[in-house]
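What follows is one structure encoded as structure tokens, with my remarks underneath.
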There are 2 protein chains.
Amino acid sequence: MRSNDRSSGAAPGAEDVAEAAGVSPSTVSRCFASPHQVRPETRARVLAAAERLGYRPSRIARSLAEGRTRTLGLIVPDIANPFFAVIVKAVQARARRKDYAVFLADTDEHPDDEYELALTLARQVDGLLLVAPRMDGARLGEVVRQVPSVAVNRSVSGVPSVVAPSEDGLRQAVAHLHALGHRHLALILGARNSWSSEQRGHAVRYAAEQLELKVTEFGPHEPKFHTGAQVADLALAAGATAIVAHNDLMALGVLSRLAERGVRVPDDVSVVGADDTLLATTATPALTSVRIPLDALGERAVDLMLRRLDDPSRVPEELLLDSELIVRRSTGPAPRKES
Amino acid sequence: MRSNDRSSGAAPGAEDVAEAAGVSPSTVSRCFASPHQVRPETRARVLAAAERLGYRPSRIARSLAEGRTRTLGLIVPDIANPFFAVIVKAVQARARRKDYAVFLADTDEHPDDEYELALTLARQVDGLLLVAPRMDGARLGEVVRQVPSVAVNRSVSGVPSVVAPSEDGLRQAVAHLHALGHRHLALILGARNSWSSEQRGHAVRYAAEQLELKVTEFGPHEPKFHTGAQVADLALAAGATAIVAHNDLMALGVLSRLAERGVRVPDDVSVVGADDTLLATTATPALTSVRIPLDALGERAVDLMLRRLDDPSRVPEELLLDSELIVRRSTGPAPRKES
DNA sequence: TTGAAAGCGTTACCAC
DNA sequence: GTGGTAACGCTTTCAA
């Protein structure tokens, strides 16, 4: 019972195909690796035999021999979060088109797991895509040294990254609200140490300042539905006529609480979300939101990675994508002052 | 420049560790594979050296040698769909806990890709988790023959599967509506060839019949937000006081359209969704929905797979999980008849 | 308890 | 253009 026992259910190897086609295993290998290096006639014979036997080269063995796995590692904080899910989907699709497989790791928002996972994956993938890495600089450096990495949605000096700053979109949002007559807006911040929350906070503050809009800030808060709901009352009490939330989820919390209180959106209060996830489109009323080109983020991350892989001399670069405001029904003219 | 050049940036191998610890590579291997087979003292020395060098056994090489990859393949129709995302998350977490990695493949709802991907993955994973397989029986059979597989959320004869029938929950939903005084409900079906849509349709029809409730059916329809919105008007015209949608997304479409028309939920009409995704909780009003224990689905699928893997003699089995109705604010007493 | 050596299924280099 | 052969980095008998 040797390996070239074609009658058994075991997967056929290159050797089996070689025998069936009357060539050497080397030739079989070449037929798949560099088809043009083998005479068309021979190739046809080999391919036929392979087809007949249902032969597929073992990626494992190939990886070991080639020294590369044709696999990308993807580390995400939370796949169940629609924001990340879209990125994952894009990465996955892009990678597959390039004949790369994807190892998925969900850290469930635990930065420690992130590091540990990165190290584990480092050995078995050609490159690592770190989505919104929470890792501290030192550890990130350690990881980056071990395996080609690309940071997604978080710019880290010295690490190639692809980022879609929400600034553009938020600036547009503030301008939008200003144009609608709003003069006082509430800003709901995200998580305490979140890089993106800080970026977003800055963007709104700055834009508001330019337009001489008053801003009342709330947070930092865990970016959850219920915190949004909680803050809604505070924002109202503060007298804001428009509420800009850190993300769609929080904005939905706001929407929900306002509805409960009978406050009309957008007649009484306007609400803006961010990320433009599925949640924004399916909300009632549909949520005006800052769209981050998530699919592009994922695709470009893969492209950047692959480009680096076949020319490692390339310098780390940072890729910026534009965000934009998508106006929907949750924003409208500011209510007239009831003086 | 040989492989045991520890000064270079290359990842250290077992040989390097062996040298550093003054033992043979075999012993190093054993320290990781079967630690108890090596004298504690030696093991300590080896582990220390490994630690110092930052050594991690190559999973690739190990896979080749062991003949198994400690990797599970996971094929999903659409990760961006919250329903599947939760399953993916659960699978991923469970697998990792068992020291398995996960290859993720998103078919983007294309059944052909599903087959092709399954065949590709077959060679590089120990087992395949097929979520809601759309594959026809013949192809599925082919796949199952090549690699141990488990079907998730779709029962297929001859294939081990873990399924959470929505029947229980839907029966509860119908009973719930009946108890609230509703006597005419609209049922919105999902996609044409969807197994789950059929199951759900049957369940509702049957339960309604038992309770002598009138049911008006709409669809089959692509399970999208906008189709839900579209059907809302029809359901209203038909005179239904309660609407049961194939899933949350469609239910949200309904909610949205009703709000536009000024129809109050639940005062004028009650709405029930299914899947109890993030969407249901964050809707306004929060959506009464049938909860499928998605995380359990994922976990059990992994467990089932692993159990099969270390005892292949086990017969294919089908695992059933219970669904249940989660009552939220979108359902209420039927409006009084305005006769 | 430990070491030596033979694979695992490819690829890649070097002759022919 | 094709075949032999040595890796790739581990696990695993089999001896010692």
Notebook entry, point to check: Are the side chain of A:Arg123 and the backbone of B:Arg56 linked by a donor-acceptor contact shorter than 3.5 Å?
Noted result: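 Yes: the side chain of A:Arg123 pairs with the backbone of B:Arg56.
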Of all the nucleotides listed ([options]), which has the minimum atom distance to the side chain of [X]?
X       : options               : answer
A:Ala33 : D:dG4, C:dT11, C:dG9  : C:dT11
A:Ser26 : C:dT10, D:dT5, C:dC8  : D:dT5
B:Arg39 : C:dT1, D:dC10, D:dG4  : C:dT1
B:Ser24 : D:dT11, C:dT10, C:dG3 : C:dG3
A:Arg30 : C:dG7, C:dC13, C:dT11 : C:dC13

Taking 4.0 Å as the cut-off, does a side-chain nitrogen or oxygen of [X] come that near to OP1 or OP2 on [N]?
X        : N      : value
B:Thr42  : C:dT1  : no
B:Arg43  : C:dT2  : no
B:Ser29  : D:dT11 : yes
A:Thr27  : D:dG3  : yes
A:Arg62  : C:dT11 : yes
A:Arg123 : D:dC10 : yes
A:Ser58  : C:dG9  : no

To the nearest angstrom, how far is [X] atom [atom1] from [N] atom [atom2]?
X       : N     : atom1 : atom2 : value
B:Arg59 : D:dC8 : CZ    : C1'   : 18 Å
B:Leu64 : D:dC8 : CG    : P     : 14 Å
A:Arg45 : D:dT2 : CZ    : C1'   : 11 Å

Next item on the list: With heavy atoms under 4.0 Å as the rule, sort B:Val28 into base, sugar-phosphate or nothing.
Entry: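 Contact class for B:Val28: none.
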Next item on the list: Assign A:Phe32 to base, sugar-phosphate, or nothing according to its heavy-atom contacts below 4.0 angstrom with the strands shown.
Entry: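 The answer is nothing, as A:Phe32 stays clear of every strand by at least 4.0 Å.
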Item checked: Carboxylate-amine/guanidinium proximity below 4.0 Å for A:Asp108 and B:Lys89 ->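 Looking at B:Lys89 together with A:Asp108, the answer is yes, because their closest N to O distance falls below 4.0 Å.
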Next item on the list: Indicate the ring-plane relationship of A:Phe103 and B:Phe103, choosing parallel, tilted or perpendicular according to the 30° and 60° boundaries.
Entry: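 Rings of A:Phe103 and B:Phe103: parallel, as their planes differ by under 30°.
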Notebook entry, point to check: Closest nucleotide of DNA chain C for A:Tyr55 versus for B:Pro40: which of these residues is on the 5' side?
Noted result: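 By nearest-heavy-atom nucleotide position, the 5'-most residue is B:Pro40.
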Check: Looking at OG1 of B:Thr71 and CD of B:Gln124, how far apart are the two atoms once the value is rounded to the nearest 0.5 Å?
Finding: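 Going from the OG1 atom of B:Thr71 to the CD atom of B:Gln124 covers 8.5 Å.
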Next item on the list: Look up atom CZ in A:Arg68 and atom CG in A:Leu64, then write down how far apart they are to the nearest 0.5 Å.
Entry: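 A:Arg68 atom CZ to A:Leu64 atom CG measures 14.5 Å (nearest 0.5 Å).
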